[in-house]
Number of protein chains: 2
Amino acid sequence: MLENARGRKSSREKILDAAAELVSEIGAGRLTLDAVAERAGLSKGGLLYNFPSKEALLQAMIRRMIDQVTESREALRPQLKPGPNLEARLATTTLLNMCCDGKMQEIATGLMVATAENPRLLDPVREVISETLQRIKSDSDDDAALLGWLAVEGLSNLEMHNLSPFSDQDRERIVQAINRLLTKGIAS
Amino acid sequence: MLENARGRKSSREKILDAAAELVSEIGAGRLTLDAVAERAGLSKGGLLYNFPSKEALLQAMIRRMIDQVTESREALRPQLKPGPNLEARLATTTLLNMCCDGKMQEIATGLMVATAENPRLLDPVREVISETLQRIKSDSDDDAALLGWLAVEGLSNLEMHNLSPFSDQDRERIVQAINRLLTKGIAS
DNA sequence: GTCTATATCAAGATAGAC
DNA sequence: GTCTATCTTGATATAGAC
């Protein structure tokens, strides 16, 4: 899907890669078509052939980020043992994994550009989040699942913006506490 | 502090108000000095006398947002009954209150502009978050406080970007669950 | 499908009058 | 302290050649 018959990345993919890299390197507000074109190894005209406007490019960036998250979650599904709060565990683990390999930064800053340029670009994200909530609700009885999910949202948001005050040790304890919450629930 | 001897707002304050309003109305990426000046009721020259550059304006916006959060927290302090996890309860309640009156949106989008233009503008925010963590750690023994705080961070982040999938009913349940967590801890 | 050249414009910032 | 006028830059987008 991502490569053509010869096994080489399409211009489209190269452009999206370049844009994602740039956004995490130079910051969201400084993403320009010139820079993207140069990084992707083609001219601005070539870029604008593939994406007729900057907004089209941003839209495609968001779309791809969403698809990556979904893919990660489904790749993880067969590895988790069934049990209570499975969907919540899937959602949280997926997010936590992404934080570590730098992808999350790209996603965050990508979203940043999106909201800065045009809040409507976030519509597909809204939809995914809504679906995730349904999923989590559909397989959990208590509120622990929601709390755990929200805590991970909070943690990854902080990490996305380089605002996390936690040491590695702190983070490890927190992750374990969230897992405990998802398996044992809130004290009654 | 915010008003001069005649009880009228200073230009500085009018400008900061205007900028905050605009950011929540037209989006972070579209905040221009022209627009701010017009909304504040003065010329661009006048604006640039008060804030010599756009970056200076953004910096002041961030500063004021932080101060508002701190003030809210300290105003709340005498109203909460002492007990376990007081600092965590203060932090979470403050955040949750701000979400409701629209201020939070302004803050969020303000931060958005900041990161888009220049990640370093977030340095003071980093500092505040770090202080908050110290505060919370210093008066709680378990991890429930951290989890509750993170969950509220997650919730308010979603609400800040208009991404919250929760109904009023959902939200109410979640807030209660967080309070339960902060008073009763995680099941062991 | 990709390139170069160019039109167009918006925005930040400066200078100097009042 | 605020205004108007102007400079300058940088970025999106178009047009048409290859």
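Throughout, a chain's letter reflects where its sequence line sits, starting with A, and its residues are numbered from 1.
In summary, Glu106(A) and Lys103(A) do not engage in a salt bridge, as defined by a charged side-chain N under 4.0 Å from a carboxylate O. Taking a cutoff of 4.0 Å between a charged side-chain nitrogen and a carboxylate oxygen, Arg126(A) and Asp123(A) qualify as a salt bridge.
Distance CG (Leu47(A)) to P (dA13(D)): 11 Å, rounded to an integer number of Å. In this structure, Leu33(B) atom CG and dT2(D) atom P are separated by 16 Å, rounded to whole Å. Rounding to whole angstrom units, CD of residue Glu38(A) and C1' of dA11(D) are separated by 15 Å. The CD-P distance, from Glu117(B) to dG12(C), rounds to 8 Å in whole Å. Atom CG of Leu22(A) is separated from atom C1' of dA11(D) by 15 Å (rounded to the nearest Å). Here the P atom of nucleotide dG1(D) and the NZ atom of Lys14(B) are 13 Å apart, to the nearest Å. A straight line from CD1 of Ile15(A) to P of dG1(C) spans 12 Å, rounded to a whole angstrom. Rounded to whole Å, the distance from CG on Leu31(A) to P on dG10(D) is 16 Å.
Closest to the side chain of Thr32(A), out of dA13(D), dA11(D), dG12(C), is dA11(D). The side chain of Asn50(B) lies closest to dT2(D), out of dT2(C), dA13(C), dT2(D). Picking from dT2(D), dT12(D), dA13(C) the nucleotide with the shortest atom distance to the side chain of Lys44(B) gives dA13(C). Checking dA13(C), dT2(D), dT2(C) against every side-chain atom of Ser53(B), the shortest atom distance belongs to dA13(C). Distance from the side chain of Ser43(A) is smallest to dT4(C) among dG12(C), dT4(C), dT12(D).
Residue Tyr49(A) has no polar side-chain atom (N or O) positioned under 4.0 Å from OP1 or OP2 of dT2(C). Side-chain N/O atoms of Ser11(A) include none lying less than 4.0 angstrom from OP1 or OP2 on dG1(C).
Side-chain contact, Glu55(B) with Gln59(B): no donor N or O sits under 3.5 Å from an acceptor N or O.
Trp149(B) contributes atom CH2, which lies 12.0 Å from atom CD of Glu87(B) (distance to the nearest 0.5 angstrom).
Residue Gln68(B) places its CD atom among more than 12 non-hydrogen atoms of other residues, nucleotides or ligands, all under 6.0 Å distant.
At a threshold of 4.0 angstrom between heavy atoms, the contacts of Leu42(A) are confined to the sugar-phosphate backbone, with no base atom among them. The residue Asp34(A) sits close to a base: some heavy atom pair falls under 4.0 Å.
Residue order along DNA chain C, read from the 5' end via each residue's closest nucleotide, puts Lys54(B) first among Gly45(B) and Lys54(B).
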